[in-house]
Amino acid sequence: EQMALIEGMVSQLAERLVEEPGDLEGWLRLSQSYRVLGRLDDAQVAVARAVELSPDDPLVLIQQAGLMMAASEDGLVPPAAAVIFRRALELEPDNSEALFYSGVAYAETNDSTAARAEWTKLLTLLDPGGDAFAQVQLRMDALPAE
C-alpha cells in the first residue's frame with residue numbers, strides 16, 4: 001500500500017514535469033525518487049534533463065555521475081562518470097565529492113600521480129582529525145610509489 005502511494009506521488013511529479021519541463025529542482029527530485037525506487041534508468045533520464053537545464057552546475061553534474069556509478073555493475077567509476085567529475089572540478093575546484101571520486105577514477109586506471117594530486121588537495125579541505133581524512137589518507141598510502 002505504501003509503495004503504491006509512493007509510486008503514485010512519483011508518477012504525479014513526472015506528469016507535472018511534462019507540463020513544466022523547465023523545473024530543474026523537479027527533475028532532480030524525480031531523479032532521486034527513481035533512484036530510491038531502484039529505477040536507475042529512469043533516474044538517469046531525469047537527471048539528464050536536469051543537466052540540459054543547468055549544464056554548468058557542479059552539483060547537478062555530480063548527481064549525474066553518482067547515478068552512473070550506482071548503475072555500474074563492476075563497482076568501478078565508469079569512464080563517463082570520471083569525465084563528469086572532472087568537469088565538475090573545472091567549475092568548482094574545491095568540491096570534495098568530485099575530488100574524491102576523480103582520485104578514485106585515476107587510481108583505478110593506475111594513474112597514481114593524478115590520484116595523489118586529487119586526494120592531496122582533498123585532504124586540505126578535510127578535518128585532519130576526521131574519519132574522512134583518515135580514509136583518504138589510507139587510500140593515498142595504498143597507491144604505488146611514484
Side-chain angles (χ1 to χ4, degrees), residues 1-140:
E1 232 177 80
Q2 184 179 7
M3 190 57 130
L5 178 64
I6 292 169
E7 288 276 357
M9 290 170 41
V10 172
S11 292
Q12 285 178 346
L13 177 57
E15 289 170 15
R16 184 180 64 75
L17 289 170
V18 169
E19 301 298 320
E20 300 173 33
D23 181 359
L24 174 63
E25 293 303 317
W27 287 110
L28 292 173
R29 275 194 311 279
L30 182 62
S31 174
Q32 185 59 31
S33 297
Y34 283 144
R35 184 177 186 166
V36 168
L37 293 172
R39 295 171 54 183
L40 295 180
D41 289 342
D42 292 330
Q44 289 177 342
V45 169
V47 81
R49 295 296 302 269
V51 170
E52 288 173 12
L53 293 172
S54 192
D56 294 328
D57 184 331
L59 298 178
V60 173
L61 294 171
I62 288 169
Q63 186 167 333
Q64 183 182 40
L67 277 167
M68 290 176 176
M69 289 177 46
S72 175
E73 293 181 10
D74 60 11
L76 301 175
V77 178
V83 168
I84 293 170
F85 282 124
R86 292 180 192 126
R87 171 70 178 133
L89 285 172
E90 290 172 8
L91 298 165
E92 187 180 332
D94 290 339
N95 186 290
S96 296
E97 189 172 357
L99 283 167
F100 176 75
Y101 285 112
S102 178
V104 170
Y106 281 127
E108 290 173 350
T109 59
N110 300 314
D111 188 342
S112 297
T113 302
R116 190 171 279 107
E118 299 288 51
W119 289 339
T120 297
K121 183 171 185 176
L122 176 57
L123 288 175
T124 68
L125 304 172
L126 299 174
D127 173 12
D131 289 341
F133 187 97
Q135 292 299 317
V136 173
Q137 188 64 59
L138 283 172
R139 284 180 178 261
M140 279 185 55

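Quantities reported herein were computed from a predicted structural model and do not represent experimental measurements.
Under the 4.5 Å side-chain criterion, counting only non-hydrogen atoms from C-beta, Gln63 is not in contact with Val51. Gln32 places none of its side-chain heavy atoms less than 4.5 Å from the side chain of Val47. Using a 4.5 Å cut-off on side-chain heavy atoms (C-beta onward), Gln44 and Asp41 make contact. Two residues are said to be in side-chain contact when any heavy atoms from C-beta on lie closer than 4.5 Å; Glu7 and Arg39 meet this criterion. Under the 4.5 Å side-chain criterion, counting only non-hydrogen atoms from C-beta, Val104 is in contact with Trp119.
Scanning all heavy atoms of the two residues, the minimum distance from Leu13 to Gly26 falls at CD2-O, 3.9 Å. Here the closest heavy-atom approach between residue Pro93 and residue Leu99 is recorded as O-CD1, 3.8 Å. The two residues Ala82 and Val77 come nearest to each other via the heavy atoms N-CG1, 3.9 Å. For the residue pair Leu89 and Ser102, the shortest heavy atom distance occurs at CD1-CB, 3.9 Å. Of all the heavy atoms in Ser33 and Val10, the pair that sits closest is CB-CG2, 3.7 Å. Between Trp27 and Leu53, the shortest heavy-atom distance links the atoms CD1-CD1, 3.6 Å.
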Next on the checklist: With side chain to side chain contact (heavy atoms under 4.5 Å, CB included) as the criterion, how do Leu59 and Asn95 come out once you've worked through the C-alpha distance, each side chain's angles and the decisive distance to 0.1 Å?
Outcome noted: CA-CA 9 Å; Leu59 298 178; Asn95 186 290; 4.1 Å; yes

Item to check | Steps toward side chain to side chain contact (heavy atoms under 4.5 Å, CB included) verdict (Leu61, Gln64) | outcome: CA-CA 5 Å; Leu61 294 171; Gln64 183 182 40; 4.2 Å; yes

Item to check | Verdict with supporting geometry, Leu17 and Arg49, side chain to side chain contact (heavy atoms under 4.5 Å, CB included) | outcome: CA-CA 10 Å; Leu17 289 170; Arg49 295 296 302 269; over 6 Å; no

Checklist entry - When you look at Leu40 and Tyr34, which way does the side chain to side chain contact (heavy atoms under 4.5 Å, CB included) test go after all the steps? => result CA-CA 6 Å; Leu40 295 180; Tyr34 283 144; over 6 Å; no

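By the 6.0 Å and 45° rule, Arg86 stacks over the aromatic ring of Tyr106.
More than 12 heavy atoms of other residues, nucleotides or ligands shown are found within 6.0 angstrom of CD on Glu20. Within 6.0 Å of atom CG in Asp74, more than 12 heavy atoms from other residues, nucleotides or ligands are found, so the atom counts as buried in its surroundings.
With Thr109 contributing its side chain and Ala105 its backbone, the two residues share a donor-acceptor pair below 3.5 Å.
For Glu19 and Arg16, the salt-bridge test fails: no basic side-chain N is under 4.0 Å from an acidic carboxylate O. Using a cutoff of 4.0 Å between basic side-chain nitrogens and carboxylate oxygens, Glu118 and Arg139 are not scored as salt-bridged.
Here the CG-CD distance, from Asp56 to Glu92, works out to 12.5 Å after rounding to the nearest 0.5 Å. Note that CZ of Phe85 and CE of Met69 are 5.0 Å apart. Values are rounded to the nearest 0.5 Å. Taking CE of Met140 as the start and OG1 of Thr120 as the end, the distance is 3.5 Å to the nearest 0.5 Å. Summarising the geometry, atom CZ belonging to Arg35 is positioned 14.0 Å from atom CG belonging to Asp42; distances are rounded to the nearest 0.5 Å. Rounding to the nearest 0.5 angstrom, the gap separating the CG atom in Leu126 from the CD atom in Gln135 is 11.0 Å.
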